[in-house]
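Following: one structure in structure tokens, then a few remarks.
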Amino acid sequence: MSQDLAPESPQMTTLSIGINALGALYGSYMYFLENKGLFIPTGHPYKLGDHLQLRLQLMNQSETFDILAKVAWITPSAAQGNRSAGVGLEFVSGDVVEAVSLIEKELVNVLESSNPTHTM
């Protein structure tokens, strides 16, 4: 997973994220959030409810998805179980339907897996 933090305005940050491995996508996908979302490893001190603009590229596709997301989960550094520090971003608007469709198509054979993820 690659990540590029670039502030767009004082209130809004743009995250450019590329997830190109099935295991990374599975570990990051937050299917249990109402509007679905992704866990993004980061040490940045976001707060619950912060809004971010997400530019998402999945599985080496040329297409990118532009999604407004909000912080719905925080795993602090030094969390129990050696979990990665980061934030769970719930999708709010934008290319949500298209992104979730591609994610779930890629994960169709592993969504019911009991393998651990970044969040569960």
Side-chain angles (χ1 to χ4, degrees):
M1 183 178 333
S2 61
Q3 172 177 300
D4 179 30
L5 298 175
E8 189 171 278
S9 73
Q11 292 88 13
M12 185 73 65
T13 296
T14 297
L15 294 175
S16 294
I17 305 294
I19 302 175
N20 297 312
L22 189 60
L25 183 60
Y26 171 78
S28 296
Y29 187 48
M30 299 178 77
Y31 63 89
F32 53 86
L33 294 175
E34 182 177 350
N35 297 308
K36 313 298 189 249
L38 291 171
F39 178 85
I40 307 301
T42 182
H44 188 82
Y46 293 108
K47 297 181 183 99
L48 287 175
D50 282 354
H51 283 80
L52 306 161
Q53 185 64 41
L54 193 61
R55 176 154 292 136
L56 181 62
Q57 185 269 334
L58 297 167
M59 306 307 287
N60 293 313
Q61 300 279 323
S62 59
E63 171 182 25
T64 60
F65 302 100
D66 290 315
I67 299 170
L68 179 65
K70 71 177 178 181
V71 176
W73 177 289
I74 297 174
T75 302
S77 58
Q80 289 181 320
N82 291 329
R83 294 203 177 269
S84 297
V87 293
L89 300 177
E90 182 173 6
F91 300 151
V92 174
S93 64
D95 299 330
V96 174
V97 172
E98 297 87 347
V100 168
S101 177
L102 178 57
I103 291 168
E104 292 186 349
K105 177 182 167 198
E106 291 291 333
L107 296 178
V108 69
N109 294 320
V110 295
L111 271 178
E112 301 297 319
S113 172
S114 61
N115 292 336
T117 68
H118 287 293
T119 56
M120 297 282 185

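Hydrophobic cluster membership differs between Val92 and Val97, with clusters built from Ile, Leu, Val, Met, Phe, Trp and Tyr side chains linked at under 4.5 angstrom.
Between the CG atom in Asn20 and the CG atom in Asn60 there is a gap of 4.0 Å [rounded to 0.5 Å]. Distance check: Leu102 CG to Gln61 CD gives 5.5 Å after rounding to the nearest 0.5 Å. Between Ile67 atom CD1 and Gln53 atom CD the span is 8.5 Å, to the nearest 0.5 Å. Interatomic distance, CE of Met30 versus CD1 of Ile103, reported as 12.0 Å (0.5 Å rounding). Rounded to the nearest 0.5 angstrom, Ile40 CD1 and Leu89 CG are separated by 5.5 Å. For the atom pair CG (Leu15) and CG (Leu38), the distance works out to 11.0 Å, reported to the nearest 0.5 Å.
If you check the side chains of Glu106 and Tyr26, you find no donor sitting under 3.5 Å from an acceptor.
Closest of all the heavy-atom pairs between Leu56 and Ala99 is CD2-CB, 4.4 Å. Contact record, Glu90 with Asn35: OE2-N, 3.1 Å, taken as the closest heavy-atom pair.
Screening Leu68, Leu33, Leu54 for a side chain to side chain contact (heavy atoms under 4.5 Å, CB included) with Phe91, the sole residue that qualifies is Leu54.
Proximity of Leu107 to Leu22: side-chain heavy atoms (C-beta onward) are separated by under 4.5 Å at one or more points. Side-chain contact check for Val100 versus Tyr29: some heavy-atom pair is nearer than 4.5 Å.
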